[in-house]
Amino acid sequence: MIHSSRQPELVDRIEIVPLTAAFCPVASALHAEGFEDQDHWSADEMIALLDVPGAFGLLAFAPGNEVENQLDTPLGFIQMQAVLDEAEINTIVVAKEARKRGVARKLLFAVFERLRETGVGRVLLEVAEDNAPAIVLYRHCGFTEIGRRKKYYRRKSGREVDALVMERDLGTCVLGWNV
Ligand SMILES: CC(C)(COP(=O)(O)OP(=O)(O)OC[C@H]1O[C@@H](n2cnc3c(N)ncnc32)[C@H](O)[C@@H]1OP(=O)(O)O)[C@@H](O)C(=O)NCCC(=O)NCCS
């Protein structure tokens, strides 16, 4: 059973499962936490997004321990949209307490594996140009910048921010690994 209380000491044992409608309330809470200065997705909006043909998501969690009466702990999720041989990352979020421990990297590589199995060869995304952690994550996972969308994001404060467009060829090697 997945519960929203946090047990960050369990993060080393990350497991990945499909993001189903039942997990969307948990994912919605993670999304609100991850995007405090933007409108966040409700559980119903997430369910609707997952209902689109070619859409799917993955949820990362740290399994609990029945003996010690610990519940599973949600760590983060990714939501994707595939069309023919291309896919787009709609969002990826990791719980604050679980960051910089490899959760997002694990989610991304699980997505790459699944996309390859379905014949997708290219992944695209947009990221706010001031989102340094996400840009580092994507670069370290093999994405390169291919463009910029002016004033793509509008913060709750009204500030407009450019988006970088990045792509990842799923046939390429990163750091010697064919990932
Ligand atoms: C961006 C985000 C998903 C990263 O998740 P994470 O689980 O902390 O990332 P990982 O631990 O898997 O890190 C993967 C790589 O990115 C780097 N990285 C992650 N966060 C970083 C940070 N704050 N500063 C510098 N590098 C960072 C790590 O060093 C790591 O590289 P390495 O393994 O080669 O050392 C997380 O910070 C988050 O949820 N942010 C809020 C939501 C968001 O901005 N999502 C992206 C929208 S486009």
Side-chain angles (χ1 to χ4, degrees), residues 4 6-17 19 23-24 26-42 45-46 49 55-63 72-82 86-115 122-157 159-168 172-179:
S4 61
R6 299 278 163 69
Q7 298 159 47
E9 70 278 7
L10 299 177
V11 82
D12 291 336
R13 296 182 291 121
I14 302 164
E15 293 197 12
I16 307 278
V17 292
L19 178 64
F23 293 138
C24 283
V26 164
S28 173
L30 288 168
H31 196 265
E33 177 183 312
F35 296 100
E36 286 166 329
D37 58 353
Q38 297 173 42
D39 292 335
H40 79 279
W41 296 349
S42 70
E45 285 167 336
M46 285 198 184
L49 277 172
F56 71 95
L58 298 177
L59 177 77
F61 71 98
D72 296 343
T73 304
L75 302 175
F77 77 97
I78 187 166
Q79 204 275 329
M80 302 292 304
Q81 178 66 56
E86 283 188 358
E88 177 144 7
I89 299 176
N90 283 339
T91 200
I92 179 168
V93 187
V94 171
K96 281 183 182 164
E97 295 90 332
R99 287 184 191 167
K100 297 188 85 172
R101 297 183 190 190
V103 177
R105 177 186 287 275
K106 188 151 184 174
L107 281 166
L108 279 172
F109 284 90
V111 154
F112 295 162
E113 198 177 315
R114 174 164 168 169
L115 291 173
R122 185 173 181 239
V123 184
L124 293 156
L125 61 86
E126 281 107 13
V127 57
E129 66 168 356
D130 61 356
N131 191 344
I135 293 170
V136 174
L137 162 73
Y138 296 135
R139 285 189 182 139
H140 285 201
C141 290
F143 285 87
T144 52
E145 292 165 37
I146 58 165
R148 173 181 292 264
R149 297 195 206 285
K150 290 275 182 199
K151 301 179 179 177
Y152 188 76
Y153 298 103
R154 190 179 178 85
R155 305 292 193 218
K156 280 180 180 167
S157 64
R159 192 166 65 89
E160 293 176 313
V161 181
D162 288 0
L164 304 181
V165 183
M166 303 182 84
E167 77 165 353
R168 165 77 147 88
T172 56
C173 294
V174 172
L175 302 174
W177 293 79
N178 186 20
V179 288

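Order of listing sets the numbers, starting from 1, for every ligand and every atom in it. Note that the structure is a prediction, hence the values are computed from the model and not measured. These values consider heavy atoms only, across backbone and side chains, with no hydrogens, waters or symmetry-generated copies.
Among Ile78, Asn131, Ile92, Leu164, the residue whose heavy atom lies nearest to atom 45 (N) of ligand 1 is Ile92. The nearest non-hydrogen atom to atom 38 (C) of ligand 1, considering only Glu126, Arg99, Glu36, Lys100, comes from Arg99. Distances from atom 19 (C) of ligand 1 to the heavy atoms of Pro133, Cys141, Ala163 put Pro133 nearest.
Between Arg122 and Glu167 there is a salt bridge, since at least one side-chain N of the basic residue sits less than 4.0 Å from a carboxylate O of the acidic one. A salt bridge is absent between Asp37 and Lys156; no separation between the charged side-chain nitrogens and carboxylate oxygens falls under 4.0 Å. Of the charged side-chain nitrogens involved, at least one lies within less than 4.0 Å of a carboxylate oxygen, so that Asp130 and Arg155 count as a salt-bridged pair. The pair Arg139-Glu145 counts as a salt bridge, with a side-chain nitrogen and a carboxylate oxygen less than 4.0 angstrom apart.
Inclusion of Phe35 in the set of residues having an N or O under 3.5 Å from an N or O of ligand 1 is not warranted. Polar contact with ligand 1: absent for Val136 (N/O pair, distance under 3.5 Å). By the 3.5 Å distance cut-off applied to N or O atoms, Ala134 is not counted among the residues near ligand 1. At a 3.5 angstrom cut-off on N or O pairs, Tyr138 does not count as close to ligand 1. Residue Val93 has no N or O atom closer than 3.5 Å to an N or O atom of ligand 1.
The 12-atom threshold is not exceeded at CD of Glu113, counting heavy atoms of other residues, nucleotides or ligands nearer than 6.0 Å.
Closest protein heavy atom to atom 39 (O) of ligand 1: Val94 N, 2.8 Å. In terms of protein heavy atoms, atom 9 (O) of ligand 1 is closest to Ala104 CB, 3.5 Å. In this structure, atom 12 (O) of ligand 1 lies nearest to the protein heavy atom Arg105 N, 2.8 Å. Of the protein's non-hydrogen atoms, His140 ND1, 4.1 Å is the one closest to atom 30 (C) of ligand 1. What sits closest to atom 11 (O) of ligand 1 on the protein, heavy atoms only, is Gly102 N, 2.7 Å.
At a heavy-atom distance under 4.0 Å, only backbone atoms of Arg101 (N, CA, C or O) approach ligand 1. Under 4.0 Å from ligand 1, heavy atoms of Leu137 appear from its side chain as well as its backbone.
Close approach of ligand 1 to Gly34 (heavy-atom distance below 4.0 Å) involves ligand atoms 41 (C), 42 (C).
When all heavy atoms are compared, the tightest approach of Val94 to Arg99 is O-NE, 2.9 Å. Between Glu33 and Lys96, the shortest heavy-atom distance links the atoms OE2-N, 2.6 Å.
Looking only at side-chain heavy atoms (C-beta outward), Phe61 and Thr73 stay at 4.5 Å or farther from each other. No side-chain heavy atom of Val161 sits under 4.5 Å from any side-chain heavy atom of Lys151.
Under a cutoff of 6.0 Å and an axis angle of 45°, Arg168 and Phe112 form a cation-pi pair.
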